[in-house]
Amino acid sequence: MKKKGKKKKLTAEQTTAQEFTNVLNIQNNYLYTRDGYVIGYIKIIPVSVGLLSKREKETLVKQLTAELSVEKEPFHFLAISRPVDMQPLLESYAHLRNETSDPYRRELLRKEMENLSDFTFGDEIVERQFFFYLSMKAAEDVERDLKKRISEFAEHFEAVGIKTEIIKDQDIVRLCNLVNNPAVVSIEDEMTDASIPILKGVI
């Protein structure tokens, strides 16, 4: 039985923002859209390909291509830049500085903390985050069906040694902010000419 009560009226700005982002609700680790879809997100844990040989890179590309070639349903890919959270490292340095009585070590830690702070406030340190998202039309048992599909999709990456994470409500909110909120997006210089991307391999 639904509780009766007055529905809070949205301001014109809030209504416009909701229509722009197409977000109806975020719950149970899914995003519900205003046009009737349910979306789940998979975060790809970065792989340091610089540590791989040329042959290992080529093998990884071939394996991942073979894994994804069996996918018949559409999926979407997101690559987003965001400022690196340096706060944990700054707190660690501050703790070390408070624990030591060596004046030279204290001075080195102080300078390192200043440098890190300058990088952070100057938006010079960014990291790339990679996501896939899958969607289904809202229907009965859609969450169960989408959960199965997301798990199977993530297995393609796990099979070739790439770790994944199915993100939850709070992380979906953060992702929406990264995509839609200019205040938290780090702008990069990049070519924006229209072109057809062709995957040849990892260099």
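All heavy atoms count here, side chains included; hydrogens, waters and symmetry mates do not. Just so it is clear, the model here is predicted, and its values are computed rather than measured.
- Residues satisfying the side-chain hydrogen bond (donor to acceptor under 3.5 Å, both in side chains) test with Tyr32, not counting sequence neighbours, are Glu143.
- For the atom pair CG (Asn115) and CE (Met113), the distance works out to 11.0 Å, reported to the nearest 0.5 Å.
- For the pair Cys176 and Ile26, the tightest heavy-atom approach, listed with the atom from each and the gap, is SG-CD1, 4.3 Å.
- Taken to the nearest 0.5 Å, the CG atom of Leu89 stands 4.5 Å off from the OH atom of Tyr93.
- Take Gln63 and apply the side-chain hydrogen bond (donor to acceptor under 3.5 Å, both in side chains) test, not counting sequence neighbours, and it matches no residue.
- Heavy-atom neighbours of Tyr104 OH from other residues, nucleotides or ligands within 6.0 Å: at or below the threshold of 12.
- With sequence neighbours excluded, the residues that form a side chain to side chain contact (heavy atoms under 4.5 Å, CB included) with Glu67 are His156, Ala159, Val160.
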Which donor-acceptor pairs under 3.5 Å do the side chains of residues 44-53 make with protein atoms, sequence neighbours left out?
| unit_1 | atom_1 | unit_2 | atom_2 | d |
| --- | --- | --- | --- | --- |
| Ser53 | OG | Glu56 | N | 3.2 |
| Ser53 | OG | Glu56 | OE1 | 3.4 |

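- Remark: His95 engages no residue in a ring pair (Phe, Tyr, Trp, His ring centres under 6.0 Å) (not counting sequence neighbours).
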With a 3.5 Å cut-off and sequence neighbours excluded, list the donor-acceptor pairs that the side chains of residues 135-142 form with protein atoms.
| unit_1 | atom_1 | unit_2 | atom_2 | d |
| --- | --- | --- | --- | --- |
| Lys137 | NZ | Asp35 | O | 3.3 |

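- For the pair Arg149 and Pro74, the tightest heavy-atom approach, listed with the atom from each and the gap, is NH2-O, 2.7 Å.
- Take Tyr37 and apply the ring pair (Phe, Tyr, Trp, His ring centres under 6.0 Å) test, not counting sequence neighbours, and it matches no residue.
- Taking the ring pair (Phe, Tyr, Trp, His ring centres under 6.0 Å) definition, one finds that Phe75 meets it with Phe132, Phe153, sequence neighbours left out.
- Contact between Gly40 and Tyr30 at its shortest, heavy atoms only, is CA-CD2, 4.0 Å.
- Phe131 has its ring centre no less than 6.0 Å from the ring centre of Tyr41.
- Considering only heavy atoms from C-beta on, Ile150 comes within 4.5 Å of Leu134 through its side chain.
- Residues satisfying the side-chain hydrogen bond (donor to acceptor under 3.5 Å, both in side chains) test with Gln27, not counting sequence neighbours, are Asn25.
- Under the 4.5 Å side-chain criterion, counting only non-hydrogen atoms from C-beta, Leu31 is in contact with Val23.
- Side-chain contact check for Leu175 versus Ile80: some heavy-atom pair is nearer than 4.5 Å.
- Considering only residues two or more places apart in sequence or on other chains, Asp145 meets the side-chain hydrogen bond (donor to acceptor under 3.5 Å, both in side chains) condition with none of them.
- Note that CG of Asp171 is 11.5 Å distant from CG of Asn177, once rounded to the nearest 0.5 Å.
- Hydrophobic clustering of Ile, Leu, Val, Met, Phe, Trp and Tyr side chains at less than 4.5 Å, counting indirect connections, unites Leu146 with Phe77.
- Looking at residues two or more places apart in sequence or on another chain, you find a salt bridge (charged side-chain N to carboxylate O under 4.0 Å, His left out) between Arg110 and Glu107, Glu114.
- Taken to the nearest 0.5 Å, the NZ atom of Lys147 stands 12.5 Å off from the CD atom of Glu152.
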Side-chain donor-acceptor pairs under 3.5 Å in residues 161-169, sequence neighbours left out?
| unit_1 | atom_1 | unit_2 | atom_2 | d |
| --- | --- | --- | --- | --- |
| Thr164 | OG1 | Glu158 | OE2 | 2.9 |
| Asp169 | OD1 | Asn29 | N | 2.5 |
| Asp169 | OD2 | Asn28 | N | 3.4 |

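- The minimum heavy-atom distance linking Arg97 with Arg106 is given by the pair O-NH1, 2.7 Å.
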